[in-house]
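Each chain gets a letter, A, B and so on, in the order the sequences are listed, and its residues count up from 1.
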Protein chains: 2
Amino acid sequence: MPARQPAKPRARRNISEVRPYHHGDLRRVLIDAALQLAAEGAEISVREAARRAAVSPGAPFRHFPNRDALMSAVAEEAQRRFRAEIEVALDQAPAADPFGRFRAFGLAYVRWARRNPAHFEIISTGRYFAHGSSAELTRDNAELIALTEGILIEAAKQGLLRSADLKRIQIAGRALVYGFARMNLDGHLPRWGVEEDEIERMAEGVIDLFIAGIAKP
Amino acid sequence: MPARQPAKPRARRNISEVRPYHHGDLRRVLIDAALQLAAEGAEISVREAARRAAVSPGAPFRHFPNRDALMSAVAEEAQRRFRAEIEVALDQAPAADPFGRFRAFGLAYVRWARRNPAHFEIISTGRYFAHGSSAELTRDNAELIALTEGILIEAAKQGLLRSADLKRIQIAGRALVYGFARMNLDGHLPRWGVEEDEIERMAEGVIDLFIAGIAKP
DNA sequence: CCATTATGTAATCACCGATTACATATGGCT
DNA sequence: AGCCATATGTAATCGGTGATTACATAATGG
């Protein structure tokens, strides 16, 4: 028999500050521990995350119903960081120069993936948690895609494109960038893929090649 | 007390047929079970493979030093099947038509990946076993890459290319095809990615767009 | 001031990869 | 013909993992 609260008379503290009970926002600490775990190349295990948070093995399950939920939260955080960096890069290219923006987008994309391989893997693969399990992740990703769409629309508006099939160009562009990023992580660039500079230059080359391919001659 | 069977004539059997001891080539049965497991979308576990082979949990370790070795063998088998199908497709395009060959290659690549997502994942990711742990896998993959290189060289020889930077074109082409194949598996084509036909048409469109982009006008 | 609820602990379970000691079948060797 | 080294499989066991449950305690708010 629940004594229903008539209201919240007490001024609730600032919402943005989640209140610590025992540990002090164990949820966040677990997510950070998991991200660090991934960054170190280790498997993410709930137990290890708990261990690093100096908490019992069962404690995390007070904050996440199961491992997948933790992974989803981890993916959301990684996606947040990823998007932030992409947007910074995009802001440095003028909106009136769609090819420049696409270039900036592709380079930032590849660079982040290369520098945060494990996190990129978690974000992009949908293999670490049930697909569509996180609405935030889905929305974030959709916005990122819409962003590339906007770039292409602007290019079309300016009459820069050889073809009018925007969807096709968009898919091709995403496939190119995504594929190049993944080739790095998946070890498909065995010989020369060691030098950071070489990767960067090749990324530029590949993106420029693509732009030249879709640009009106 | 088991009655010994005097059978087995002295002559050593055909070498190509591995000799069954107790089970009858448990090694192969385990690999097949693992492949099937993956195809069903389940995790590959040594125990489950053993279970399906109706053998004790420790038995597989007589044939593979550890789980990774089994995974490597599984990857080798999957790669064999993959390559076989690619080569069939390539054989149906005349060697004198490099663009047609690239198109056939890309389509066969994407189609196989889509139809055998788990196996493609195992092959291409290098996340399921130590990278470079299988010389055969490495060699096979290198040959596949050399194949695409040959196609481009032929195109250049015929003066079909706009740019002379073959390496750049090759990387871009591989990134495009690999990226598109992975986008399918990784759930990056949420809306329209359900219809097999639509995927196929989009694959053709993307590949043709790429070809048009690198072809001399 | 105290009941409710949020949070954490301890104990336990089933499953997994892996190792070890032991049992048995196989086929080469003499 | 027979023996035996070895290839193969089993049983028992270990530590690690995700997950559930019963229980303990801290914090909140009426």
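Both A:G58 and B:P57 lie close to DNA chain D; mapped to their nearest nucleotides by heavy-atom distance, the more 5′-ward contact belongs to B:P57.
For B:Y109 and B:F120, the gap between ring centers is short of 6.0 Å.
For A:R182, the side-chain hydrogen bond (donor to acceptor under 3.5 Å, both in side chains) partners are A:E121, A:S124, A:T125, A:Y178, A:D186, not counting sequence neighbours.
In this structure, the CZ atom of B:R28 is 15 Å from the P atom of D:dT8, given to the nearest Å. Atoms CG (A:D25) and P (D:dA27) sit 15 Å apart, rounded to a whole Å. Distance NE2 (A:H63) to P (D:dA19): 16 Å, rounded to an integer number of Å. One can place CG of A:L26 at 16 Å from P of D:dA26, the figure rounded to the nearest angstrom. Note: CD (B:E43) to C1' (C:dA14) measures 17 Å, nearest angstrom. Rounded to an integer number of Å, the gap from A:L37 CG to D:dG18 P is 10 Å. Rounded to an integer number of Å, the gap from CZ of A:F64 to C1' of C:dG8 is 15 Å.
Closest contact between the side chain of B:F61 and the listed nucleotides C:dG17, C:dC22, D:dT20 involves C:dG17. With D:dA19, D:dT8, C:dG8 as the candidates, the nucleotide lying closest to the side chain of B:R62 is D:dT8.
Salt bridge absent: A:E200 and A:R114 never bring a charged side-chain N and a carboxylate O closer than 4.0 Å. Taking a cutoff of 4.0 Å between a charged side-chain nitrogen and a carboxylate oxygen, B:R80 and B:E77 qualify as a salt bridge.
In this structure the side chain of B:S45 never reaches within 4.5 angstrom of the side chain of B:E43, judged on heavy atoms.
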With the criterion being N/O to N/O and under 3.5 Å, what pairs connect the protein with nucleotides 14-17 of chain D, and how long is each?
unit_1: D:dT17; atom_1: OP2; unit_2: A:R51; atom_2: NH2; d: 3.0

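Rounding to the nearest 0.5 angstrom, the gap separating the CE atom in A:M71 from the CG atom in A:N66 is 11.5 Å.
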